[in-house]
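Per chain, numbering begins at 1; letters A, B, ... match sequence-line order.
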Protein chains: 2
Amino acid sequence: MDGQEQLERVRERVIETIAKNMNLYGITDSIGRLYGMLYFHNHPMTLDEMKEELGMSKTSMSTSVRNLMDLKMVEKVWKKGSRKDLYQAEEDWYQTFIDFFSIKWRSGISMNIVVMTKSIGELEKLISMDEVDDEIRSAAIVDIEKMKAALSYYDWLNRLVDSFESEEIFKYIPKTKDE
Amino acid sequence: MDGQEQLERVRERVIETIAKNMNLYGITDSIGRLYGMLYFHNHPMTLDEMKEELGMSKTSMSTSVRNLMDLKMVEKVWKKGSRKDLYQAEEDWYQTFIDFFSIKWRSGISMNIVVMTKSIGELEKLISMDEVDDEIRSAAIVDIEKMKAALSYYDWLNRLVDSFESEEIFKYIPKTKDE
DNA sequence: CAATACGTTCAGTTTTTTCTGTACGTACTG
DNA sequence: CAGTACGTACAGAAAAAACTGAACGTATTG
């Protein structure tokens with residue numbers, strides 16, 4: 001019957017759900033809970049406040065918050081007077097979504113493109129060599145095909161991420177239904 | 001100068017790259033390597049062959065392959081004569097992409113929607129109660145707004161996954177550039 | 001310029017995850 | 001219907017990840 005208590009219970013459940021969900025994206029429960037907590041906390045928080053709230057060490061708060069900052073899910077804010085760093089949650093989940101995939105995928109994609117391209121080149125050189133066994137040559141040809149298929153997929157993925165970053169995706173999948 | 005050896009070296013490097021990439025999606029190195037290996041292996045493989053190839057236990061192969069099957073990245077194939085189960089990699093990475101996100105996200109999204117909806121209901125009941133403190137009430141109102149924003153995001157995410165599953169996404173982001 | 005407050009690095013501990021070998025159940029073989 | 005081959009459950013070992021407290025460097029304060 002206590003409103004305060006009930007509000008807190010609801011919040012806690014929702015935070016737990018958010019954390020579980022972030023789990024799917026490879027984010028730890030603790031970090032997810034921290035994000036959820038910040039999301040519902042209506043003022044920027046210091047490391048000490050987080051530590052207090054979650055009952056964890058300050059060290060953990062420091063590294064977790066940095067993690068979330070790397071993902072642009074949390075930002076540092078300035079408030080004159082306070083010597084402590086203040087952090088608040090990015091509230092726009094569409095933006096969070098976009099940043100998350102840009103950050104996570106881009107580097108992976110380009111690394112793969114580099115490796116595949118280089119490998120295709122090497123195998124093409126290989127098959128052009130006379131002294132290479134026929135069996136090896138045809139195996140190489142198959143591999144080249146597979147890597148080319150992979151490259152075209154990575155190109156698509158890059159363009160998909162482009163459409164996130166440019167927000168063009170919202171032209172195709174609008175934020176609000178039936179508009 | 002040995003073609004065989006060079007081919008293998010290239011393959012190994014590419015497999016390692018694929019594994020690293022799958023890592024970004026929360027898939028372990030071992031499982032990623034197994035997938036990569038299957039991807040380049042041009043025939044379906046048995047657990048014993050995988051075990052041999054990767055130098056790991058058969059138990060690991062069994063669980064890893066099940067993992068990949070759950071993600072629809074590997075399928076069991078039938079070959080008469082063989083008593084052993086045979087597995088091969090799904091080769092279409094576009095399909096793999098679609099399946100991966102459908103499988104991973106759908107359940108999470110709907111769980112979140114359920115929890116948020118229920119929580120909004122509870123808080124709305126809370127704010128309608130006379131005896132509730134004003135401060136609590138306005139905090140609840142803010143929370144409700146945040147959860148509604150979350151719900152609209154989840155709805156969008158659902159529609160995004162819809163566009164993956166229906167392959168409508170390829171209308172907007174075509175598989176091949178300039179077509 | 002000492003004193004204090006703050007965030008972070010680092011080494012060690014705890015917890016979680018991954019991996020393995022044995023044991024078991026099922027199904028095919030002769 | 002024994003004997004063998006196969007995949008998997010399970011418990012324990014090994015490896016990896018998360019977490020912590022103490023120590024350190026920097027910056028602010030009086």
Side-chain angles (χ1 to χ4, degrees), chain A residues 15-16 18-38 43-71 73-89 104, chain B residues 15-16 18-38 43-71 73-89 104:
Chain A
I15 289 172
E16 204 56 41
I18 291 174
K20 281 249 165 47
N21 195 58
M22 288 172 68
N23 233 342
L24 290 177
Y25 299 80
I27 295 170
T28 332
D29 272 45
S30 306
I31 297 184
R33 239 175 281 123
L34 175 60
Y35 175 80
M37 202 258 287
L38 286 168
H43 314 282
M45 290 179 86
T46 67
L47 292 180
D48 283 312
E49 286 168 342
M50 299 176 204
K51 162 192 148 127
E52 193 60 33
E53 186 81 24
L54 293 179
M56 290 179 74
S57 72
K58 197 171 177 180
T59 304
S60 285
M61 294 304 98
S62 176
T63 56
S64 298
V65 132
R66 182 166 41 189
N67 253 295
L68 288 168
M69 289 225 297
D70 289 346
L71 295 170
M73 297 188 70
V74 157
E75 55 180 5
K76 198 189 267 195
V77 293
W78 251 110
K79 193 179 158 190
K80 69 176 179 189
S82 174
R83 262 169 82 182
K84 303 192 182 190
D85 294 348
L86 286 162
Y87 300 94
Q88 71 185 9
K104 268 215 144 181
Chain B
I15 289 172
E16 204 55 42
I18 291 174
K20 281 250 165 48
N21 196 57
M22 289 172 67
N23 232 342
L24 289 177
Y25 298 81
I27 295 171
T28 41
D29 272 45
S30 306
I31 296 183
R33 241 174 279 122
L34 175 60
Y35 174 81
M37 203 258 288
L38 286 168
H43 314 282
M45 291 179 86
T46 67
L47 293 179
D48 283 310
E49 286 167 341
M50 299 176 204
K51 163 192 148 129
E52 193 60 33
E53 186 80 23
L54 293 179
M56 291 179 72
S57 72
K58 197 172 178 179
T59 306
S60 285
M61 295 303 98
S62 176
T63 56
S64 297
V65 131
R66 180 165 44 186
N67 252 294
L68 288 168
M69 290 225 299
D70 289 346
L71 295 171
M73 297 187 70
V74 156
E75 55 180 5
K76 199 188 267 197
V77 293
W78 252 111
K79 192 178 158 191
K80 69 175 177 189
S82 173
R83 264 167 82 183
K84 305 190 180 190
D85 294 347
L86 287 163
Y87 301 94
Q88 71 185 9
K104 268 215 145 181

**Prompt:** Roughly, in whole Å, what's the span from NZ in A/Lys51 to P in D/dA18?
**Reply:** 21 Å
**Pairs touching residues 53-64 of chain A that satisfy salt bridge (Lys or Arg N to Asp or Glu O under 4.0 Å), sequence neighbours left out** = A/Asp48-A/Lys58
**Asked** Between A/Trp78 (CH2) and C/dC6 (C1'), how many Å, whole number?
**Response** 12 Å
**Asked** With sequence neighbours left out, what residues match A/Ser57 under side chain to side chain contact (heavy atoms under 4.5 Å, CB included)?
**Response** A/Thr59, A/Ser60
**Contacts of type salt bridge (charged side-chain N to carboxylate O under 4.0 Å, His left out), residue A/Glu16, not counting sequence neighbours** = A/Arg33
**Request:** Take atom CG of A/Leu54 and atom C1' of D/dT20, then tell me their distance rounded to the nearest Å.
**Result:** 15 Å
**Request:** Just jot down the salt bridge (charged side-chain N to carboxylate O under 4.0 Å, His left out) partners of B/Lys104, sequence neighbours excluded, or say none.
**Result:** none
Below 3.5 Å, can you tabulate the donor-acceptor pairs from side chains in residues 74-81 of chain B to any protein atom, sequence neighbours excluded?
{"residue": "B/Glu75", "atom": "OE2", "partner": "B/Gln88", "partner atom": "NE2", "Å": "3.1"}
{"residue": "B/Lys76", "atom": "NZ", "partner": "B/Asp85", "partner atom": "OD2", "Å": "3.3"}

**Request:** Nearest whole angstrom, please: distance from the P of C/dT9 to the CE of A/Met61.
**Result:** 16 Å
**Asked** Pairs in or reaching into residues 20-32 of chain A: which pass side-chain hydrogen bond (donor to acceptor under 3.5 Å, both in side chains), with residues at least two apart or in two chains?
**Response** A/Asn23-A/Asp29
**Message:** Among residues at least two apart in sequence or on other chains, which ones pass salt bridge (charged side-chain N to carboxylate O under 4.0 Å, His left out) with A/Lys51?
**Reply:** none
**Request:** Mark up nucleotides 7-12 of chain D, 5' to 3', with B wherever a protein heavy atom is under 4.0 angstrom from a base atom, S wherever such an atom reaches only the sugar-phosphate, and - elsewhere.
**Result:** SSBB--
**Complete:** A/Leu68 atom CG is separated from D/dA18 atom P, nearest whole Å, by 13 Å
**Prompt:** In residues 21-30 of chain A, which residues come under 4.0 Å of DNA chain D by heavy atom?
**Reply:** A/Thr28, A/Ser30
**Prompt:** Taking only side-chain nitrogens and oxygens of A/Ser57, does any of them come within less than 4.0 Å of OP1 or OP2 of D/dT20?
**Reply:** yes
**Asked** Could you give the CD1-to-P distance, from A/Ile31 to D/dC19, as a whole number of Å?
**Response** 7 Å
**Prompt:** What pair of heavy atoms forms the shortest contact from B/Leu38 to B/Tyr87, and how long is it?
**Reply:** CD2-O, 4.0 Å
